[in-house]
Amino acid sequence: MSFAGDHPPLARAELPDDTVGLARYLIGKLVVRALPEGTVGGRIVETEAYVAGDAAGHGYRGMTPRNRSLFLERGHAYVYLAYGVSFMLNVSSEAPGIGTGVLIRALEPLHGIAIMRLNRGVERLRDLARGPGRLAAALRIDRSLDGTDLCREGPLWLASDGHDPGAIGLSTRIGISKDAERPLRFYVRENPFVSGPAALNR
DNA sequence: AGTGCGATTGACT
DNA sequence: GTCAATCGCACTA
């Protein structure tokens, strides 16, 4: 069997319907990306929750052309360009009309590593998808994937291989100024593929 | 219509 | 450690 065939999409019904629960749940799960040259994928080792009433969340001020995918039923991709430089992959959460989501911040590369190296232009395994912008580049994710249903086999989806991610840590989120003190970041402890300062990764 | 500013990264001192 | 790149968007007027 193929990597894609071995890892069918998660059922939407199994996704927690609260944002923090989803952020925690996605640790250890897989992101699968179908590219013309082959399938690439990796294990989620770091997420952040952007919850209702969260001043740092893009849904905070209501729906706009950019963030409309954030308001889709849970399990859809919200992709946006940060700093005019890096794309960010989020998973919409909660019910339709609620602008909340989970940012996928880092992957442990598992499959299609040669393709990821080409996409990124770097060799070092640890640097392929450590950080949300690098992750999107490794998986060649851009705005064309905004709104993708991640619970269906297609260009991009979420899956599981039953792996136990081990000890999970909780910390403040990275790179934000509003609501910065809230502990809404989940990560696999002591994992080399997690981004952020070491002090936040213990 | 103009402006300020990021859920980042990579290069450089 | 510091800092510029780069651009779409939300906000002000």
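Chain letters run A, B, ... following the sequence lines, proteins first, then strands; residues in each count from 1. Scope of the values below: all heavy atoms of this structure, side chains included, with no hydrogens, waters or symmetry mates.
Across all strands, A:Arg173 comes closer than 4.0 Å to no nucleic acid atom at all (heavy-atom distances). A:Arg120 comes within contact range of the sugar-phosphate backbone alone, with a heavy-atom separation under 4.0 Å but no base atom that close.
Between C:dA10 and A:Thr64, a contact under 4.0 Å exists linking OP1 or OP2 to a side-chain N or O.
For the pair A:Asp149 and A:Arg12, the salt-bridge criterion is met [side-chain N within less than 4.0 Å of a carboxylate O]. A salt bridge does not link A:Asp127 to A:Arg117: none of the charged nitrogens lies less than 4.0 Å from a carboxylate oxygen.
Note that A:Arg173 lies in the cation-pi zone of A:Tyr50, set by a 6.0 Å cut-off to the ring centre and a 45° limit from the axis. Both the sub-6.0 Å distance and the 45° axial angle are satisfied by A:Arg185 relative to the ring of A:Tyr187.
Although no hydrogens or angles enter the test, the distance criterion places a donor-acceptor pair under 3.5 Å between the side chain of A:Arg189 and the main chain of A:Arg202. Of the possible donor and acceptor atoms, none in the side chain of A:Arg33 sits under 3.5 Å from a partner among the backbone N and O of A:Leu156. A distance-only check finds a donor-acceptor pair linking the side chain of A:Arg74 to the backbone of A:Leu15 [under 3.5 Å].
The nucleotide range of DNA chain B contacted by chain A, defined by atoms under 4.0 angstrom from heavy atoms of the protein and reported 5' to 3', is B:dG6 to B:dG10.
Using a 4.5 Å cut-off on side-chain heavy atoms (C-beta onward), A:Trp157 and A:Arg152 make no contact.
Note: A:Tyr78 and A:His58 have perpendicular aromatic rings, judged against thresholds of 30 and 60 degrees for the angle between ring planes.
Each of A:Ala82 and A:Arg143 was matched to the nucleotide of DNA chain C holding its nearest heavy atom; the match closer to the 5' end belongs to A:Ala82.
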- Intra- and interstrand pairs of DNA chain C - dot-bracket, Watson-Crick/G-U under 3.5 Å, | marks other strand: |||||.||||||.

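Non-hydrogen atoms lying under 4.0 Å from DNA chain B are contributed by A:Gly84, A:Ser86, A:Met88, A:Asn90, A:Leu103, all within residues 84-104 of chain A.
If you take CG of A:Asp142 and P of C:dG8, they are 13 Å apart, rounded to a whole angstrom.
Within a 6.0 Å sphere centred on CZ of A:Phe3, heavy atoms belonging to other residues, nucleotides or ligands number more than 12.
Applying side chain to side chain contact (heavy atoms under 4.5 Å, CB included) to A:Ile104 and the options A:Asn90, A:Leu158, A:Ile141, A:Leu89 leaves one that passes, A:Leu89.
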